[in-house]
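Worksheet: one structure, shown below.
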Amino acid sequence: MTRTRVVILSGHSLFAEGVASRLRQHLEQLELLTVDSGQSDALDRVLVAQPAAVILDAGDAGEAAPHCSVDKLLRSLPSLKIIRLDPQYSTVQVVTSEQRPAGEVSDLIKVIQPAG
Amino acid sequence: MRVLVADDHSLFRDGIVSLLEAAGFDVVGQVGDGQAAVEAAHRLHPDVVLMDITMPGMDGLQALQIIRTDLPATQVVMLTVSDDDANLFEAIRHGAAGYLLKNLNAEEFLKILEGVEHGEAAMTRQTTARLLHGMAHASQPAGEAADPLSEREADLLRLVAQGLPNKAIAQRLSLSENTVKYHLKNILQKLGVQNRTEAAAYAIRNGLIKDTPPTFN
C-alpha cells in the first residue's frame with residue numbers, strides 16, 4: 001500500500017501531540033514527520049518533505065508560527081491540504097488552495113463565476 | 001497511575017489517551033459525557049479522572065461533585081478549553097485536584113499529571129496566579145482555624161499556594177521531602193481539606209495567610 005506523507009506541524013500542544021501519537025498507530029497508511037512550528041527552518045523542512053497534508057493545531061498556527069504560516073505554506077505548496085485542529089470544536093478545518101492567472105478583471109470574474 | 005478520560009471531543013480524547021498510554025499511564029477507560037464518567041468512576045475506581053467541563057447531558061462540574069463525594073480517593077483534574085474564572089473557582093471549590101487548559105504543552109501536561117500521584121496540584125503557575133488573585137479578592141471574612149497552623153506549617157502552606165512542588169518546598173525550607181509530606185498531611189487535617197489546592201484556597205479565603213504573588217520562570 002502506498003503511504004501518504006503527512007507533516008504534523010506542532011508547537012507541542014496537547015492536541016497536536018495527541019493526534020500525532022494516535023496517527024503513529026497507522027504507519028501502514030501514513031508516513032509521518034513532525035516539524036516544530038516554532039523553528040525558523042520549519043517552512044524549509046515542510047517543503048523538503050513535500051507532504052500531501054499538513055496537520056496543525058489552530059493554537060500553534062498564526063502568530064505562534066511566524067516562520068511557517070498557512071499562507072506561506074499554500075504559496076509554496078499550492079496543492080497542499082492543510083488540516084487545522086481546534087480543541088474547541090469537534091470538527092477539523094480543511095484548507096486547500098487553487099492558483100489561477102488573473103491579469104485582468106475579466107479573469108477575476110471568470111474565477112468568481114466559472115462558465116458552465 | 002490509573003486514569004479515566006472524560007471528554008465529548010472524541011478526536012481530542014483519542015489523542016490524549018494515546019499520549020497517556022505512550023507515556024506509561026494506565027488508561028482504564030474513556031467516556032464522552034459526565035453521567036458516563038460517574039458510572040465509569042464507580043466501576044473502575046481510577047486514581048485520576050481527566051474531566052472536560054462542557055459535555056452533553058451532565059457536565060464535568062456536576063460529575064466532579066458526585067465523584068468527589070462518592071469516591072474521595074479518586075482525584076479529578078479538569079481538562080478544558082474554558083479559561084473562565086467562574087469555572088475554575090467552581091471546580092476547585094468542589095474538590096478538583098487541578099485545572100488544566102487544552103492548549104497546554106504536551107510535555108508539561110504529562111509532567112503535571114505525574115505530580116498528582118504525589119499529591120501535587122495539577123495546575124500551571126498562570127492558573128495558580130488566577131486562583132490566588134480571585135481568592136484574595138473574594139469578600140470573605142477573616143477566618144479562624146479550629147487548630148491553628150504552626151509557624152512552620154504556615155511557611156509551608158505559603159509555598160504550596162505559590163504552586164511549588166514538594167521537592168522545591170523542601171529545598172526552600174531546608175527540609176527533607178518526607179518532612180514536607182508530613183507537614184502537608186497535618187495541614188490538610190487541620191484545615192479539613194482534601195488536597196493542596198483546596199488547602200491553598202482555604203488558607204487565602206480565610207485569611208490564614210496573606211496573598212503571596214506567585215513566582216514565574
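Every chain is numbered from 1, with letters handed out A, B, ... down the list of sequences.
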Min side-chain heavy-atom separation A:Phe15-B:Ile16 under 4.5 Å =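 No. Closest side-chain heavy atoms not under 4.5 Å.
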Side-chain contact test, heavy atoms from C-beta onward, threshold under 4.5 Å: evaluate it for A:Asp86 versus B:Val81 and give yes or no.
->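 They are not in contact (no side-chain heavy atoms under 4.5 Å apart), so the answer is no.
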Judged by atom type as modelled, is there a donor-acceptor pair below 3.5 Å linking the side chain of A:Ser13 to the main-chain atoms of B:Asn103?
->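 It does not hold such a pair.
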Taking B:His9 for its side chain and A:Gln88 for its backbone only, find out whether a donor-acceptor pair lies under 3.5 Å.
->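 No, because the side chain of B:His9 does not come within donor-acceptor range (under 3.5 Å) of the backbone of A:Gln88.
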For [X], is the [atom1] atom crowded, meaning more than 12 foreign heavy atoms sit under 6.0 Å from it?
X: A:Lys72; atom1: NZ; result: yes
X: A:Arg75; atom1: CZ; result: no
X: A:Gln50; atom1: CD; result: yes
X: B:Glu107; atom1: CD; result: no

Search all heavy atoms of B:Leu19 against all heavy atoms of A:Ser21 and return the closest pair with its distance.
->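 That would be N-OG, 3.6 Å.
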Rounded distance (nearest 0.5 Å) linking atom [atom1] of [X] with atom [atom2] of [Y]:
X: B:Leu110; Y: A:Glu17; atom1: CG; atom2: CD; value: 9.5 Å
X: A:Leu85; Y: B:Phe12; atom1: CG; atom2: CZ; value: 10.5 Å
X: A:Gln25; Y: B:Glu21; atom1: CD; atom2: CD; value: 7.5 Å

Choice from B:Leu11, B:Asp14, B:Leu79 maximising heavy atom contacts with chain A below 4.5 Å |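 Greatest number of close heavy-atom pairs with chain A: B:Asp14.
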